[in-house]
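Sequence lines set the chain letters: A, B, ... in the order given, protein chains first and strands last, and positions in each chain run from 1. Reckoned from all heavy atoms, side chains included, excluding hydrogens, waters and symmetry mates.
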Amino acid sequence: MAPLTRAKASSSRVAPILIQRDSDDSDHYHSSSSDYDDEEQVGAGDSSDDEDMGTNGLPTSEELHHEPPNTTSNAPPRITISLKKVCKVCKGTGHEAGFRGATYIDCPRKPCYLCKMPGHTTMSCPHRVAMEHGVVPAPRRNTSTTLDYIFQRQLNPNIPMIKPTFVIPDQLTCGIIRFHSRRVTCLEFHPTKNSVLLSGDKKGQVGIWDYSKLHEKTVYNSIHTCIVNNIKFNTDNDGTMYASSSDGTVSCTDLETGVPFVLLDLNPNGWIGPAAWRMVYGMDINTEKGLVLVADNFGRLYFLDTRSRTRAGGPFLIHKKGTKVVGLHCNPVEPGLLLSCGNDHFARIWDIRRLEAGSSLDNLRHGRVVNSAYFSPRTGSKILTTSIDNRIRVWDSIFTNMESPSREIVHSQDFNRHLTPFRAEWDPKDPSESLAVVGRYISENYDGVALHPIDFIDTTSGKLVAEVIEPDITTISPVNKLHPRDDVLATGSSRSLFIWRPKEDIERMQEQLGKKAKEFIIRMGDKKSKGKGSIDSDDDSDLGFKGKTSKTKKYEKSYTSGKSKKSKGVC
DNA sequence: ACAACATGTAGCC
DNA sequence: TGGCTACCCTGTTG
């Protein structure tokens with residue numbers, strides 16, 4: 001690693017400030033001593049004990065000390081300024097956490113930022129060096145009996161025993177930069193119109209975009225007033241979408257008019273303080289029974305009737321009282337089975353025909369908050385969950401003992417107040433129900449650019465199948481959805497939307513359509529064209545991307561010349 | 001290149 | 001239980 005020097009200490013200060021080399025630096029945290037050798041320490045050799053600087057220590061990067069007046073001479077009181085390296089994570093000195101170039105250096109005093117275990121950092125984490133090692137063996141792993149196998153085959157005759165080759169949409173084909181005015185919070189493909197994507201944002205806006213006709217896009221901003229948590233369709237009527245929001249309402253909106261009908265309002269009396277404000281998070285539709293199932297931030301589940309548009313049941317307490325129910329999912333084969341997950345660190349399975357508090361069929365314990373929990377898309381017999389303890393968990397069969405997951409896959413997906421929570425999503429087209437997509441929080445240094453890939457994970461092995469990146473997308477992509485029929489991936493990253501396809505598809509399209517199939521990007525309301533998270537391209541330009549930064553160019557060379565290469569780490 | 005800031009909530013006491 | 005408050009890889013603007 002080429003050591004990068006820190007920003008230079010100010011050299012314009014006036015006397016009587018002493019500039020001294022700080023010999024304290026040769027402490028135990030000298031893992032990369034050469035990084036700091038040239039650094040000038042400004043200070044008076046204050047003997048404050050660095051080692052005692054715990055997390056409660058208060059030194060800032062510039063410590064001002066007013067020394068007691070010097071009684072033995074007429075010299076003015078000396079002000080000493082200490083510019084020691086202070087770690088922004090633990091406030092200790094002698095080391096610093098943060099980016100050095102495009103590589104992030106962890107605080108060595110904290111547990112690993114990836115796997116959360118002490119004793120090493122992300123850089124040396126075994127789950128990072130080789131992603132196939134990211135699987136934590138669960139106690140019951142590989143303990144299936146022959147009977148289990150037969151049972152499984154009878155119940156799941158559609159699961160082929162030979163795993164198909166995974167199709168990875170890893171090439172960016174189009175996108176809308178800053179389509180939303182706040183970060184994207186959810187995505188949903190239209191159930192019948194193949195190229196129509198719906199998106200919700202933190203502000204409450206709902207976007208409708210036909211990405212086959214790049215400019216065909218609409219934004220409705222009067223459906224909700226804050227975070228759109230979920231968008232769903234009722235397959236009986238694909239002209240109508242349902243949305244749940246942190247404004248406490250569930251809406252049913254005609255896509256043509258954008259006029260919403262409020263199915264549920266949990267705050268009928270308006271704002272009466274933050275403690276009483278109710279929000280709707282989890283939502284799914286039980287087509288068989290004509291129900292919209294929603295859940296709030298107080299642990300309760302509600303049934304709404306899609307025909308009469310009235311409340312048809314609830315509230316039922318399904319998670320710890322007062323905690324947020326983040327997600328709901330109806331089993332695709334047995335719609336009476338409901339999977340919920342929430343902030344009480346549990347995912348729970350319910351029979352909605354026999355619902356009462358505490359009547360869950362199974363309770364799946366997690367290390368921390370569960371962001372999402374989904375039944376597998378075809379047979380509904382597997383479960384995939386995402387938790388902010390940086391683990392994706394897989395239960396291989398809901399018909400066996402659910403006490404512990406079949407696998408825990410270490411994957412970076414921490415909570416961050418500025419980000420939409422990560423959710424690992426099944427590939428609905430994978431007949432083996434193995435492939436999942438999920439954005440990655442921590443970045444990787446790709447030839448000098450810090451990028452956050454979108455990961456494709458084989459949930460049967462924990463192996464990282466692919467990491468999808470685009471040199472110009474430097475923002476984190478927590479929201480990802482795979483198309484139910486096409487080989488298309490939709491991504492929500494910050495305020496932008498992106499569409500990816502497999503390389504082979506793009507080549508085929510280019511052969512058939514020529515120029516028309518070239519990459520194109522729309523930019524919304526952006527005066528400047530350069531900068532983080534933006535893509536340098538003219539609107540709808542035939543030339544697609546152009547005018548890239550030198551960094552990008554450098555990167556692109558190695559990217560297009562073969563498989564994605566990284567300067568650090570192997571995944 | 002850098003600083004300021006917006007900002008929700010998880011987990012603790 | 002309610003009330004605080006820390007908050008490590010943000011993203012945007014100036």
Side-chain angles (χ1 to χ4, degrees), chain A residues 4-8 10 55-58 61-62 86-92 95-116 121-123 125 128 177-178 180-185 201-203 226-227 229 246 273-277 279 281 297-299 320-324 326 342-345 366-371 387-390 411-422 439-446 449-453 473-478 492-496 524-534 568-569:
Chain A
L4 302 173
T5 47
R6 281 180 66 215
K8 62 288 152 198
S10 168
T55 49
N56 293 324
L58 297 171
S61 58
E62 298 200 5
V86 176
C87 174
K88 65 179 177 187
V89 178
C90 74
K91 309 292 188 289
H95 67 280
E96 273 183 308
F99 274 105
R100 244 167 269 165
T103 305
Y104 191 91
I105 309 296
D106 271 3
C107 170
R109 296 192 198 179
K110 289 280 186 177
C112 171
Y113 194 56
L114 176 55
C115 74
K116 309 301 177 195
T121 63
T122 308
M123 205 56 92
C125 178
R128 174 185 176 273
I177 304 297
R178 299 179 194 217
H180 284 274
S181 52
R182 291 289 185 275
R183 62 162 203 254
V184 174
T185 52
D201 75 14
K202 198 169 89 73
K203 204 183 174 189
C226 63
I227 310 176
N229 291 307
S246 291
W277 189 254
M279 307 184 250
Y281 279 84
N297 58 329
F298 283 78
K320 188 177 169 187
K321 193 180 173 191
T323 66
K324 187 174 30 171
V326 193
N343 282 22
D344 63 354
H345 301 194
H366 289 68
R368 292 185 62 195
V369 168
V370 191
N371 286 346
S387 169
I388 66 169
D389 68 355
N390 271 3
H411 183 263
S412 173
Q413 52 210 19
D414 293 76
F415 169 79
N416 180 321
R417 68 177 144 168
H418 305 287
L419 295 177
T420 305
F422 291 85
R440 195 192 302 176
Y441 188 2
I442 55 173
S443 62
E444 200 67 63
N445 183 345
Y446 292 84
V449 188
L451 300 176
H452 307 265
I473 302 176
T474 56
T475 46
I476 294 175
S477 305
S493 189
S494 189
R495 291 144 63 173
S496 306
M524 306 290 291
D526 184 19
K527 283 159 271 168
K528 291 182 182 176
S529 58
K530 293 242 184 338
K532 249 197 161 190
S534 62
K568 283 282 168 196

Q: For H418(A) and dG11(C), is the gap between ring centres under 5.5 Å while the planes differ by less than 30°?
A: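 The ring of H418(A) is not stacked on dG11(C).
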
Q: Looking only at side chains, do T420(A) and T185(A) share a donor and an acceptor under 3.5 Å apart?
A: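 Not at all, the side chains of T420(A) and T185(A) share no donor-acceptor pair under 3.5 Å.
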
Q: Rounded to whole angstroms, how far apart are CG on N416(A) and P on dC7(C)?
A: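 So the two atoms are 13 Å apart, to the nearest Å.
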
Q: Which nucleotide sits closest to the side chain of Y113(A): dC9(C), dG11(C), dA10(B)?
A: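 My answer, after comparing the listed nucleotides, is dC9(C).
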
Q: I'd like to check P453(A) versus Y446(A) (side-chain heavy atoms, cut-off strictly below 4.5 Å). Are they in contact?
A: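 P453(A) vs Y446(A): side chains touch.
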
Q: Can you tell me if S494(A) touches the phosphate of dT10(C), counting only side-chain N or O atoms and a distance under 4.0 Å to OP1 or OP2?
A: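 For dT10(C), neither OP1 nor OP2 has a side-chain N or O of S494(A) closer than 4.0 Å.
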
Q: Does the distance from a Lys or Arg side-chain N to an Asp or Glu carboxylate O, for K321(A) and D344(A), drop under 4.0 Å?
A: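 Salt bridge between K321(A) and D344(A), a charged N being under 4.0 Å from a carboxylate O: no.
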
Q: Output the rounded distance in Å from NZ (K88(A)) to P (dC2(B)).
A: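 Those two atoms, NZ and P, are 13 Å apart.
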
Q: Should Y281(A) be listed as having a side-chain N or O under 4.0 Å from OP1 or OP2 of dT9(B)?
A: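 Affirmative; the distance criterion is met.
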
Q: With no angle test and no hydrogens, is the base of dT7(B) tied to the side chain of R417(A) by a donor-acceptor pair under 3.5 Å?
A: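 When only heavy-atom distances are counted, R417(A) does reach the base of dT7(B) through a donor-acceptor pair under 3.5 Å.
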
Q: Choosing from dT1(C), dT12(C), dA10(B), which nucleotide comes nearest the side chain of I388(A)?
A: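 So the nucleotide nearest the side chain must be dA10(B).
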
Q: Return the nearest nucleotide to the side chain of Y104(A); candidates are dG11(C), dC8(C), dG8(B).
A: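 Comparing dG11(C), dC8(C), dG8(B) against the side chain of Y104(A), the answer is dC8(C).
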
Q: Output the rounded distance in Å from CE (M123(A)) to P (dC9(C)).
A: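 Going from CE in M123(A) over to P in dC9(C) covers 15 Å.
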
Q: Rounded to the nearest Å, what distance is computed from the CG atom of residue N297(A) to the P atom of nucleotide dG2(C)?
A: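 Whole-Å distance recorded here is 13 Å.
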
Q: Between R100(A) and E96(A), is there a salt bridge with N-O shorter than 4.0 Å?
A: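 Salt bridge: no.
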
Q: Residues in salt bridge (charged side-chain N to carboxylate O under 4.0 Å, His left out) with K320(A), at least two apart?
A: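 With neighbours one apart ignored, the set is empty.
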
Q: Please tell me which of the listed nucleotides, dT10(C), dT13(C), dG11(C), lies nearest to the side chain of R178(A)?
A: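 When the side chain of R178(A) is considered, dT13(C) is the closest of dT10(C), dT13(C), dG11(C).
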
Q: Measuring from the side chain of F99(A) (C-beta onward, heavy atoms only), which nucleotide among dT12(C), dT9(B), dT10(C) has the closest atom?
A: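 The answer is dT10(C).
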
Q: Using the C1' atom in both, what is the distance from dT5(C) to dC9(C), to the nearest Å?
A: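 Pairwise C1' distance, dT5(C) against dC9(C), rounds to 22 Å.
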
